[in-house]
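Notes follow once the structure below has been shown.
When a ligand or atom number is given, it counts from 1 through the structure's own listing order.
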Amino acid sequence: MEYKAPIGVKIDLETGVIPGAKKLVRRLSDLKGYFIDEEAYNELLREDPVVYEVYAIEQEEKDGDLNFATTVLYPGKVGKEFFFTKGHYHAKADRAEIYYAIKGKGGMLLQTPEGNAKWVPMEPGTVVYVPPYWAHRTVNTGDEPFIFLAIYPADAGHDYGSIKEKGFSKLVIEEGGEVKVVDNPKW
Ligand code: S6P
Ligand code: ZN
């Protein structure tokens, strides 16, 4: 039997960087069609800011193994809508996931395939359990980077298709200086 080597790495709790991890950058231009206010989107696209970065340590897609990744989700808004991650179901839809909030302020929008949405606020120390079958998207509702760790089955995969097409049934917006979770008029 060949055993894999254990890994111990220290996450930089200020920046979210995991040494040796694979880095992925998502700019606003990678999120075309995701935000409700197209005019505000096109306006901000001139700057094309980085919306989030992911630092992932991933294994082969095998049953029983685990991946982990930090996400650094920058503060910002497109119109009234706070910056968010694309959001996905797992390709193996019954795979669950755990998130642990490290820095900043935000939350997770989860949704069943029937469109039943739930908002879970997150601050440093919050653990979120993403049950099997729920789509999940994180949202930065603060004014500094929102950083969290995700731990997920190595064979979970990502299914971005239906969220890209339809989005979530709820939007997370700022109105009158408050964070509000409202119905998505395009849903
Ligand atoms: C993976 C996990 C996270 C996200 C990351 C970016 O299962 O949920 O590492 O991949 O937060 O979000 P997204 O929706 O663009 O993959
Ligand atoms: Zn996931």
Side-chain angles (χ1 to χ4, degrees), residues 7 9 11-12 15-18 20-35 48-76 78 81-113 117-124 126-142 145-172:
I7 301 173
V9 282
I11 296 168
D12 184 320
T15 64
V17 173
I18 305 178
K22 191 181 73 186
K23 181 179 178 182
L24 175 91
V25 179
R26 293 268 186 241
R27 292 186 170 273
L28 192 67
S29 51
D30 298 311
L31 292 164
K32 188 171 166 49
Y34 277 82
F35 291 93
D48 197 13
V50 172
V51 179
Y52 58 102
E53 293 156 345
V54 180
Y55 296 89
I57 305 253
E58 294 189 327
Q59 308 299 323
E60 272 176 77
E61 287 194 17
K62 278 191 184 153
D63 175 14
D65 213 343
L66 291 172
N67 292 336
F68 62 99
T70 50
T71 301
V72 181
L73 176 54
Y74 289 97
V78 176
E81 223 177 341
F82 290 106
F83 276 9
F84 52 60
T85 55
K86 286 184 169 184
H88 58 269
Y89 290 94
H90 289 146
K92 284 205 167 114
D94 66 351
R95 297 309 196 246
E97 182 162 1
I98 293 288
Y99 277 62
Y100 178 72
I102 292 172
K103 196 168 192 269
K105 186 175 157 247
M108 189 188 289
L109 201 51
L110 298 100
Q111 179 166 299
T112 64
K118 183 158 171 55
W119 169 247
V120 181
M122 294 167 72
E123 59 179 19
T126 304
V127 177
V128 183
Y129 165 61
V130 181
Y133 303 108
W134 286 76
H136 40 290
R137 158 183 288 169
T138 41
V139 184
N140 186 340
T141 58
F146 174 40
I147 302 174
F148 51 86
L149 173 72
I151 304 168
Y152 47 104
D155 64 347
H158 295 92
D159 171 7
Y160 291 102
S162 69
I163 298 297
K164 183 174 166 47
E165 273 165 37
K166 276 195 87 182
F168 282 73
S169 63
K170 301 277 182 188
L171 306 178
V172 186

Exercise. What does the angle at the Zn ion (ligand 2) come to, between atom OE1 of E97 and atom NE2 of H90, rounded to 10°?
Worked result: 80°
Top protein contact for [atom], by heavy-atom distance:
atom	value
atom 12 (O) of ligand 1	T85 CB, 3.5 Å
atom 2 (C) of ligand 1	E97 OE2, 2.8 Å
atom 15 (O) of ligand 1	Y52 OH, 2.6 Å

Exercise. Do L109 and F84 have side-chain heavy atoms sitting under 4.5 Å apart?
Worked result: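 SC-SC contact between L109 and F84 ruled out.
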Exercise. Any side-chain heavy atom of L73 sitting closer than 4.5 Å to one from V51?
Worked result: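 Heavy-atom side-chain distance check passes, below 4.5 Å.
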As an exercise, identify every atom of ligand 1 less than 4.0 angstrom from a heavy atom of [X].
X	answer
H158	1 (C), 7 (O), 10 (O), 16 (O)
Y160	13 (P), 14 (O), 15 (O), 16 (O)
H90	7 (O)
T71	5 (C), 11 (O)
H136	8 (O)

Exercise. Taking 2.8 Å as the cut-off, does an N/O/S atom of H88 lie below it from the Zn ion (ligand 2)?
Worked result: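 Yes, since at least one N, O or S atom of H88 sits under 2.8 Å from the Zn ion (ligand 2).
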Problem set entry | Near-ring test F146/Y52, centroid separation under 6.0 angstrom | no
Distance check, rounded to the nearest 0.5 Å: [X] atom [atom1] versus [Y] atom [atom2]?
X	Y	atom1	atom2	answer
Y160	Y89	OH	OH	14.0 Å
F35	F82	CZ	CZ	11.5 Å
D155	L66	CG	CG	9.5 Å

Exercise. Are there more than 12 heavy atoms of other residues, nucleotides or ligands under 6.0 Å from atom CD of E123?
Worked result: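 At most 12 heavy atoms, drawn from other residues, nucleotides or ligands, come within 6.0 Å of this atom.
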Problem set entry | Any donor-acceptor N/O pair, E81 side chain to L171 backbone, under 3.5 Å |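 Checking the backbone N and O of L171 against the side chain of E81, no donor-acceptor pair under 3.5 Å is found.
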For this session: Run down the list A56, A69, A135 and name the one with the heavy atom closest to atom 9 (O) of ligand 1.
Result: A69
Seminar exercise, completed: Check: of H88, R26, R95, K86, min heavy-atom distance to atom 4 (C) of ligand 1 comes from H88
Problem set entry | Minimal non-hydrogen separation, D30 against K86, with atom names |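 Smallest heavy-atom distance, with atoms named: O-CE, 3.5 Å.
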Problem set entry | Nearest heavy-atom neighbours spanning G16 and Y55 |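 Result for this residue pair: O-CD1, 3.8 Å.
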For this session: Give a yes/no verdict on whether any heavy atom in G87 is under 4.0 Å from an atom of ligand 1.
Result: yes
For this session: Return yes when R137 approaches ligand 1 closer than 4.0 angstrom through a heavy atom, no otherwise.
Result: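 So R137 does not count as touching ligand 1.
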Exercise. Can you name the N/O/S atom of H136 that is nearest the Zn ion (ligand 2)?
Worked result: NE2
Exercise. Do H90 and H158 have side-chain atoms, one donor and one acceptor, less than 3.5 Å apart?
Worked result: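 There is no such pair between these side chains.
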For this session: Answer yes or no: does an N/O atom from T138 fall short of 3.5 Å to an N/O atom of ligand 1?
Result: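 N/O-N/O distance below 3.5 Å does not exist for this pair.
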For this session: Output yes when the distance from some N or O of ligand 1 to some N or O of Y99 is under 3.5 Å, and no in every other case.
Result: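 Min N/O separation from ligand 1 is below 3.5 Å for Y99.
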